[in-house]
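Okay, structure first, notes after.
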Amino acid sequence: MNFRQTLTHGLWRDLPPFRLVLGLCPALAVTATAENGLGMGIAVTFVLIFSNMFISLLRKVIPDKVRIASYIVVIATLVVIVELAMKAFFFPLSQQLGIYIPLIVVNCIILGRAEAFASRNPVHLSMADGLSVGLGFSMSLTLVGSIREILGVGTWFGMAVFPDSFEPFGFMVQAPGAFLCLGLLLGLMNAWSRHRGEFFIQT
Amino acid sequence: MDLLLLAIGSIFVNNILLAQYLGNCPFCGVSKKLGTAIGMGVAVIFVATLASIFTWVVYHYLLKPQGLEYLKTLVFILVIAALVQFVEIFIKKQSKGLYDSLGIFLPLITTNCAVMGIALLNIKHGFGFVQMIVFSASSAAGFAVAILLFASVRERLFISSVPTAMRGTAIALVTAGVMSLAFMGFAGMTN
Amino acid sequence: MLIPALILGGIAVIAAVGLGVAARVFYVEEDPRIKGILDLLPGANCGGCGLAGCSACAAAIVEGKAEVNACVVGQTEVARSIAAFMGMEMKDNEPQVACPDCQGGARATRKYEYGGFDDCRAAMLFYHGPLKCDHGCLGLGTCVRACQFGAITMGDEGLPLFDPARCVGCGACVQSCPKGIISIISETTKILHWNLYSECLAPCRQKCPAQVNVPKYIEHIKNGEYDLALLTVKENNPLPLSTGRVCPEPCSLACRRQIEDEPVAINYLKRFAADWELNSGKRLHVPVAPDTGKKVTIIGGGPGGLSAAYYLRRLGHEVTLFDQMPALGGMLRYGIPEYRLPKAILDWEIQGILDLGVKARTGVKLGRDFTLDFLRAEGADAIFLAVGAWRDRELGLSETTPDGVVSGIKFLEGFQDDPLQKVKGRSIVIGGGNTAIDAARTSLRAGAESVTIVYRRSRDEMPANPVEIVAAEEEGIQFRFLCAPNKFITKGNQLTGLEVLGMELGEPDPSGRRRPVPVEGTEEVIPCEQLVEAVGQTPDLDFLEQEGMPALPTTRWTTIDAKEQTLQTDVPYIFTGGDCFTGPGLMVEAISAGRFAARSIHFYMTTGEIPPIEHRQTELVPDSIFDSIAGVIPKPKVHEPVVSLEDRLGTFKEVEGTIDEEDASYEARRCLNCGTYCYDHDMEMERMEDGESVAG
Amino acid sequence: MREIAHLVLVLGLICSLSAGALAYVRTSLAPRIEMQEDFYVRGPALERLFQQPAKELLTEKLTVPVGDQDYPVFYLRQDGEVTGLAVEAAGKGGYSGDIVIMIGLDPRSDRVLGVEIVSHSETPGLGAKVELASFRQQWTGLILDQPLALAGDGGGIDAITGATFSSRAMVEGSNQVVDLLRDHRQEILSLIEQRSADGATSGGES
């Protein structure tokens, strides 16, 4: 992959979590509102860029046997930094996201990109990859969050989009709505890929 | 009585999978066959309880006295990863049968956010030791129940007519949504 | 800052040491490849592959239960490195695609109405499915759902349609089909395939010696896909131009349509497709497998040898053809006259085979110019003997052959060398086979005053193609049935007549035909100046007597002895087939033998062992014989354009023409697209709905 | 053995480095985090209880340790007299963890000024109804001299239908405050006196 492809592949071709069916937990858990989705997406993007960077830098130093453990430590460190920074600067958001912030550690996307990309590519490409996948993830999460917020609360990023007479479908902001929304979006995505004649793999 | 309520509450009402969204990757990945789902469920109960005990001890007797609570994420993931790997190596050597039925699921659990999530929730809720054990085991049992039910549904789903675009994970998620809706019905139980 | 660093570092050290020690103490022996693959996998343990984590995935790949691209996270890069690790580099393998083997499906008769789950496997649980047909498609679309690549769709007729462009050959559909109809096949498997009793075979396909998938190519013609139709034919028959002209159509004798009206003119359709390629000006691309490095030598450039050469080449082997005659084609060239098979067309067809990379050496005769031991020493991994049956049988009416008497093959061969030679006076041809008719019709064209065919049985027993007999009658050839040659009448050494004896039919002989018995006192002399003895041929096996030949056993009919199941002779690397193995037979039988030998030779050279074919279909499947068919409206078959009688005499112009596209489409629509148990009875109704007028 | 030592060394080093880095980040961000926490979590509750801007109130923070738990206490002083106390307590036993409440009272009469929810993670539409004013109204005006209880348990607080669990957690939290006041009232008041004396001195100096 050249630089441009690296920079764009996460936006459609490998768009998480739709194309890469990974990182479902945050996609479900924190997308009750568009703001939460965006916040989570930015947090993941930050971790992705820097974990890719450090792992790419360290890829020649780390012995193969402890590479997964080392990656986890690097990722976890970055996650804790995000956690602290969020508390210091975006406190309400950090309250909303709760334990899902520390759980970024076990988000397969990050470890997956680290192993599949950063551990075998130079720094600038790895960071571009992190940015690309991270942006794709933020986009998806914001989209799911927007749909759920608009239908479930009747607002978008806190702004009212429906007249007062609108009775929101409360269940959209709860767990069932999350599953349903993500499932239907995935289906839509598949239909679109098929329409465009692309192959799609999913498990 | 409180403990019983806690257990029932965390199995049904606050089901870790269907209400807290934790552990969805293996939920979608490993729920295609009932047999695999059972193995995974049992393995999660075992590991989650064990990992919770370890992390709880580390947190309360190592991190907290030193004022290092903020390191819990980092420490927990290390402890869980090492623990799981150790248990895997141990079981593989000691009991072939146990390894085949349970052990092979162990690596999958390291990055299962349910396990890490339960460990973190224990701290967040400020549970005591006994509460912690009850909560961990029953939350993991909640995971097992959900994945078992889900695998049964998916086995049926496999032989039914699903629109092409919805096949696979898409329909699985929608089904999970319906199940989650059903689990909301349990909310009245603990009141 | 020091304390946290110490604590965390300490935890890490303890964990690492603990694990290191544990890994030693609790070490378990396992396949080192698992470890190798595990190192290549992302190690995220996400379960995206549907397996229990990366080590389970690695183990599954090693055991072959998972594909090298099982990992969702790793994507192509990881898949490629795993493939490289497993020694399965993407060498240019033949593409493998899924292929269904059922044309019937929903139109098969039902045992009961099924209203359960829309899933074939579920339906199978109830008395093996709702269809009477054991091997037919249930049409519930389980394979459609199993395909991850959108290569299968459900067609209008309740049959899945496969898109080879999208198929990646993953085999998910094969596993999902409870009837085992779908198989993942490459061109190689198609060539090596032989019809089995357990398959769904239309009667025509069962009867065709070359096992051509007749309904499939007719279906393609119906859809206007002439290229696909021809490629379908070429899967089993490399000489469609020639067979399209001279084949006596055993397939159409079995055509189920003749229960209602006339059989489908299958051969006209084949000829139409073949001529379409000829006239299109360019050849269709025929896939050839990657080179195997094995060498095969084929002796005999007739239909059997050409067929074997074609298929062995397509299987990736290096093939050299040897022929004693100056040009390839064997009996097609030297035994079949120009007016039936123009030489230009034959040349074009043979060139197509040579273009695949088959080497040919003509004008060299086994035994005279080279020996089998020599070929072996030259590096041939296998030898295929397809020397045909070139020795004329003789009646032995006199010790010396008078002037004017010639044997059938010699006579016809002479016209290949000099097409313009003339036949003077009255001509008699003895015999009732195709060679006799060919000789008679050739004589007529070469200027004979009159031509008489003398045959000792009646017309019904004549082995020649009925079409040929009719054409000969039309052209004015006289027939003397129940009439046996008795004595040459000569003047000096010149023939002046033939004394014949009347016969009558007695008890049936072992061949099932009634034995002709002479009737006393019916001698009669037919005056003639020219006489062709066409009373049968035998293989010329004199070369076996030469030095430098391995000891090959022969039979009492002077044919080469070989195992019928494999066509392998007692010398393992020598195979035989065609006329020199069976005695004189049809061209299409020789073509079939060529492919069968190619199969055996391929297995012999690549694996050393030739797997026997279980349940090989050798005669009609009894269930496929119907005595009535419902729902078919009679419609006459098309007729080939023929050259008028006036234009035929004196020239060797091809007599029969090719039907045009419109007729081909009409004729293709007459096909009932049969399976073993089923046929397309909705076809007529459908056509009426289309508003097309129903003729006849 | 060398190999294992190498592995251990690398892993240990990475861990130590990251722990060091984190400790640094943590130290530099700690004051901000605490401020943010107080402002967003406690601020709104305090504002509603005392009808005064949170910024000023938040500076008047005491921490009362009881056992292994710290109770944050805020106060309002008028004319040298403490006219309001706000005590925060974590009510145990909600569905999804503790319900942190803040009870405002007038220390002169022990009359409750109001009860506010600081944080909770209850189910929206069910347990989250503890936020409703109509439910919290039941506390206002009560005198906190004895433990409270739900009506179902023989007390005076009517539980929210369908959310007994959450309601009980609220009551549990209130009872912690009752205990705290009973046992530590003097201690708290003297702490406040001391703090305001310090503040007055420093104020006088400036």
Side-chain angles (χ1 to χ4, degrees), chain A residues 17-18 21-31 68-69 72-73 75-84 87 98-112 171 174-195 200-203, chain B residues 14-15 17-30 32 70-78 80-82 85 107 109-121 123-125 162-184:
Chain A
F18 297 111
V21 190
L22 297 173
L24 283 176
C25 310
L28 291 163
V30 303
T31 53
I68 303 286
I72 290 182
V73 172
I75 294 168
T77 309
L78 288 161
V79 169
V80 177
I81 292 176
V82 169
E83 203 182 348
L84 290 172
K87 264 196 185 144
I99 62 159
Y100 297 104
I101 289 285
L103 283 178
I104 295 177
V105 175
V106 284
N107 188 331
C108 319
I109 294 179
I110 296 174
L111 201 54
F171 93 105
Q174 291 178 333
F179 285 108
L180 221 59
C181 185
L182 204 65
L184 292 174
L185 274 177
L186 200 59
L188 215 63
M189 198 92 163
N190 290 343
W192 176 240
S193 308
R194 264 182 102 84
H195 173 70
F200 60 97
I201 309 168
Q202 47 164 256
T203 45
Chain B
N14 276 324
N15 187 287
L17 242 166
L18 297 171
Q20 317 245 36
Y21 319 95
L22 295 176
N24 265 297
C25 292
F27 181 55
C28 291
V30 193
K32 284 176 196 153
Y70 62 92
L71 281 182
K72 65 177 186 294
T73 311
L74 187 44
V75 172
F76 281 14
I77 187 76
L78 267 179
I80 292 173
Q85 205 170 352
I109 291 171
T110 315
T111 49
N112 182 344
C113 35
V115 174
M116 177 86 173
I118 291 171
L120 287 169
L121 283 172
I123 306 303
K124 191 186 165 211
H125 292 177
V162 176
T164 325
M166 290 300 290
R167 277 190 264 143
T169 316
I171 191 71
L173 283 171
V174 172
T175 316
V178 176
M179 270 177 70
S180 167
L181 209 56
F183 265 66
M184 279 175 80

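Labels below follow one simple rule: chain letters A, B, ... track the order of the sequence lines, proteins then strands, and each chain is numbered from 1. A quick note: this is a predicted structure, and the numbers were derived from the prediction, not measured.
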I'd like to verify something: which residue of B:Thr175, B:Leu173, B:Val75, B:Val178 has the highest number of heavy-atom pairs under 4.5 Å with chain A?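 Of B:Thr175, B:Leu173, B:Val75, B:Val178, B:Leu173 has the most heavy-atom pairs under 4.5 Å with chain A.
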Nearest non-hydrogen partners of B:Ala170 and A:Gly187, listed with the distance: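 Looks like CB-N, 3.8 Å.
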Cut-off 4.5 Å, heavy atoms of chain B, and the answer for A:Val80 is side chain
Side chain, backbone, both or neither: which part of A:Leu28 has an atom under 4.5 Å from a heavy atom of chain B?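 Both backbone and side chain.
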Please tell me if the side chains of B:Leu18 and A:Phe179 come closer than 4.5 Å, counting only heavy atoms from C-beta onward.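 They are in side-chain contact.
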Any side-chain heavy-atom pair from B:Phe76 and A:Val105 closer than 4.5 angstrom? no
Please walk me through it: do A:Leu184 and B:Met166 pass side-chain contact (heavy atoms from CB on, under 4.5 Å)? CA-CA 8 Å; A:Leu184 292 174; B:Met166 290 300 290; 4.0 Å; yes
Part of B:Leu71 within contact of chain A (heavy atom distance under 4.5 Å): neither
Answer with side chain, backbone, both or neither: which region of B:Leu74 has an atom nearer than 4.5 Å to a non-hydrogen atom of chain A? both
Where do A:Glu83 and B:Tyr70 land on the side-chain contact (heavy atoms from CB on, under 4.5 Å) test, with the steps shown first? CA-CA 9 Å; A:Glu83 203 182 348; B:Tyr70 62 92; over 6 Å; no
